[in-house]
Amino acid sequence: GLRRQLIEKHLMETEERIHRGFAEIRKDLFEDLKQLSLNAQQRPLTPAEIDRRDHLLEELDKLERGVDHDISNMEQP
C-alpha cells in the first residue's frame, strides 16, 4: 500500500545518497594519493603507499557492496 511505497521511496533515496557519498570518498582518496605522489618531489608512490591505496579501495568497495546487500534485503516484502 501507500506505506510500503513511502518506505521503498525512502530506501531508494537513502541508497542514492550512500552511493554519492562513496563516490565522493573514492574521489577524495584518489586526489589525496595523487597529491602525495606529486608533493614527494615527483616520486612515484612507494609499494607501501600502493598497498595502502589498494587496501582502502578494497575496503570501500566491500562496505558499499554490504550496504547494497542490506538495502536489497530491506526492500524484500
Side-chain angles (χ1 to χ4, degrees):
L2 180 59
R3 179 169 161 71
R4 181 73 183 163
Q5 288 175 346
L6 289 174
I7 290 171
E8 287 176 5
K9 180 179 183 229
H10 180 68
L11 281 173
M12 193 168 68
E13 290 169 352
T14 300
E15 185 176 15
E16 288 172 8
R17 281 194 310 274
I18 290 169
H19 282 293
R20 282 193 305 269
F22 280 117
E24 188 66 28
I25 291 168
R26 191 175 288 112
K27 182 182 81 114
D28 289 347
L29 176 60
F30 275 118
E31 188 60 36
D32 288 348
L33 290 169
K34 180 180 168 185
Q35 282 302 114
L36 175 66
S37 181
L38 290 175
N39 290 340
Q41 300 175 0
Q42 303 296 348
R43 68 169 174 78
L45 293 175
T46 66
E49 290 166 337
I50 291 170
D51 287 345
R52 181 70 178 147
R53 176 202 62 196
D54 292 347
H55 174 75
L56 289 170
L57 291 172
E58 182 180 313
E59 289 299 311
L60 185 63
D61 285 339
K62 284 195 305 193
L63 180 60
E64 190 171 13
R65 284 192 308 271
V67 169
D68 281 343
H69 181 263
D70 291 347
I71 289 174
S72 292
N73 286 343
M74 284 186 240
E75 292 174 339
Q76 305 284 325

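Quick caveat, the model's predicted, so the values are computed rather than measured.
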Peer 1: Who passes side chain to side chain contact (heavy atoms under 4.5 Å, CB included) against Arg65, sequence neighbours left out?
Peer 2: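 Here the qualifying residues are Asp61, Lys62.
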
Peer 1: Who pairs with Glu58 by salt bridge (charged side-chain N to carboxylate O under 4.0 Å, His left out), at least two apart in sequence or on another chain?
Peer 2: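 If we apply the salt bridge (charged side-chain N to carboxylate O under 4.0 Å, His left out) test to Glu58, skipping adjacent residues, there are no hits.
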
Peer 1: Sequence neighbours excluded, which residues qualify as side chain to side chain contact (heavy atoms under 4.5 Å, CB included) partners of Leu57?
Peer 2: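 Scan of Leu57 (side chain to side chain contact (heavy atoms under 4.5 Å, CB included), adjacent residues dropped) gives Arg26, Leu29, Phe30, Arg53.
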
Peer 1: Would you tabulate the side-chain donor-acceptor contacts of residues 15-22 under 3.5 Å, counting partners in other chains and residues two or more places apart, or write 'none'?
Peer 2:
from	atom 1	to	atom 2	distance (Å)
Arg17	NH2	Thr14	OG1	3.3
His19	ND1	Glu64	OE2	2.7
His19	NE2	Asp68	OD1	2.8

Peer 1: Among residues at least two apart in sequence or on other chains, which ones pass side-chain hydrogen bond (donor to acceptor under 3.5 Å, both in side chains) with His55?
Peer 2: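 Applying side-chain hydrogen bond (donor to acceptor under 3.5 Å, both in side chains) to His55 gives none.
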
Peer 1: Walk me through it: do Lys27 and Glu31 pass the test salt bridge (charged side-chain N to carboxylate O under 4.0 Å, His left out)?
Peer 2: CA-CA 6 Å; Lys27 182 182 81 114; Glu31 188 60 36; over 6 Å; no

Peer 1: Using side chain to side chain contact (heavy atoms under 4.5 Å, CB included) as the criterion, list what pairs up with Leu6, not counting sequence neighbours.
Peer 2: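 For Leu6, the residues satisfying side chain to side chain contact (heavy atoms under 4.5 Å, CB included) (neighbours in sequence not counted) are Leu2.
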
Peer 1: Once rounded to the nearest 0.5 Å, what's the spacing between atom CD of Glu59 and atom CG of Leu63?
Peer 2: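 Separation between the atoms: 8.5 Å.
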
